Amino acid sequence: MYEKTYPQKRFLITLDFLQKHLSTNEVILDLGVSNPLSHLMKEKGFEVINTNGEDLDDDCSALNKASYQAVTAFEIVEHLLNPYTILKNVQADKVFISVPLRLWFAKAYQSKTDPWDRHYHEFEAWQLDWLLQKAGFEIVDSLKFTHPVKKFGIRPLLRWFTPRYYLVYAKKVNSN
């Protein structure tokens with residue numbers, strides 16, 4: 001059903017999930033700079049506003065600068081030291097988040113060339129669910145999926161069967 005190459009498979013699954021739950025009439029604030037996935041979202045008719053690459057751990061004012069109905073954070077939350085603060089400051093009732101799952105057979109990702117490209121968190125699904133719940137959201141739908149790679153070895157083989165990504169749609173719980 002999905003092309004098995006990276007990142008196309010991940011993008012197609014994410015777009016299908018987004019289209020299932022969000023109207024193209026709703027404005028999306030996508031955390032992170034404009035990227036291939038946000039361009040595909042626009043091609044599918046979504047109105048997408050991206051943040052400008054600011055360090056959201058230090059400055060989450062971008063969450064208050066635009067009018068939006070949903071927030072997307074696709075492979076962003078794991079790079080934040082404090083994703084809870086970001087989620088508490090979201091001004092929308094809907095969030096869509098995907099994270100790489102913690103794998104027992106692989107260490108947390110850390111770029112060897114870019115000191116900012118590293119994962120402070122690699123979640124188990126229950127941990128992201130708990131974070132969202134604590135920030136005032138309830139899970140509406142979720143999906144785990146694999147991320148096969150075309151390499152030889154035990155770890156690449158395990159990636160064909162072990163879910164690598166967790167995708168979540170959550171709504172803000174009314175505090176009234």
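Model, not experiment: these values are computed from the prediction.
- Under the 4.5 Å side-chain contact rule for hydrophobic residues, Ile13 and Val140 share a cluster.
- Annotation: side chain of Val77 is in contact with side chain of Phe123 (closest heavy-atom distance under 4.5 Å).
- Under a 3.5 Å cut-off, the side chain of Thr14 and the backbone N or O of Arg10 do form a donor-acceptor pair.
- Residue pairs satisfying the salt bridge (Lys or Arg N to Asp or Glu O under 4.0 Å) criterion with at least one member in residues 30-51, sequence neighbours excluded, are absent.
- Leu87 is not listed as a side-chain neighbour of Lys134, based on a closest heavy-atom distance of 4.5 Å or more.
- How far CZ of Phe96 is from CE of Met41: 9.0 Å, rounded to the nearest 0.5 Å.
- Contact detail for Gly32 and Asn50: the closest heavy-atom pair is O-ND2, 2.9 Å.
- Each of Tyr165, Phe17, Tyr166 was compared with Phe145 under the ring pair (Phe, Tyr, Trp, His ring centres under 6.0 Å) criterion, and only Tyr165 meets it.
- Between the Asp57 side chain and the Leu80 main chain, no donor and acceptor come within less than 3.5 Å of each other.
- For the atom pair CD (Gln8) and CG (Leu37), the distance works out to 11.5 Å, reported to the nearest 0.5 Å.
- Follow the hydrophobic side-chain contacts under 4.5 Å out from Val33 and you never reach Phe74; the two are in separate clusters.
- Counting only distance, with no hydrogens or angles, the side chain of Glu75 and the backbone of Ala73 share no donor-acceptor pair below 3.5 Å.
- With rounding to the nearest 0.5 Å, the separation of CD in Glu26 from CZ in Phe46 is 8.5 Å.
- Between the CD1 atom in Ile76 and the CD1 atom in Ile86 there is a gap of 10.5 Å [rounded to 0.5 Å].
- Closest approach of Glu78 to Ser98, counting heavy atoms only: OE1-O, 4.1 Å.
- Nearest heavy-atom pair, Ile49 versus Ser67, reported as atom, atom and distance to 0.1 Å: CD1-O, 4.1 Å.
- Annotation: side chain of Tyr68 is not in contact with side chain of Ile28 (no heavy-atom distance under 4.5 Å).
- The line from CG of Leu167 to CG of Asp16 is 10.0 Å long, rounded to the nearest 0.5 Å.
- In this structure, Lys171 places its NZ atom where only 12 or fewer heavy-atom neighbours from other residues, nucleotides or ligands lie under 6.0 Å away.
- Minimum heavy-atom separation, His39 to Ser34: NE2-OG, 3.0 Å.
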Could you walk me through whether Val168 and Phe137 satisfy the side chain to side chain contact (heavy atoms under 4.5 Å, CB included) test, starting with their C-alpha distance in whole Å, then the side-chain angles of each, then the deciding distance to 0.1 Å, before giving a yes or no? CA-CA 11 Å; Val168 174; Phe137 291 88; over 6 Å; no

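- Here the closest heavy-atom approach between residue Gly45 and residue Thr24 is recorded as O-CB, 3.4 Å.
- In this structure, Leu56 CG and Thr85 OG1 are separated by 11.0 Å, a value rounded to the nearest 0.5 Å.
- Residues Lys20 and Asp141 are in side-chain contact: their nearest non-hydrogen atoms beyond the backbone lie under 4.5 Å apart.
- Side-chain atoms of Val71 and Ile97, non-hydrogen and from C-beta on, never get closer than 4.5 Å to each other.
- No chain of hydrophobic side-chain contacts below 4.5 Å, direct or via other Ile, Leu, Val, Met, Phe, Trp or Tyr residues, connects Ile139 to Trp130.
- A pairwise comparison of heavy atoms in Val48 and Ser38 identifies CG1-CB, 4.1 Å as the closest pair.
- Under a 3.5 Å cut-off, the side chain of Asp93 and the backbone N or O of Lys172 do not form any donor-acceptor pair.
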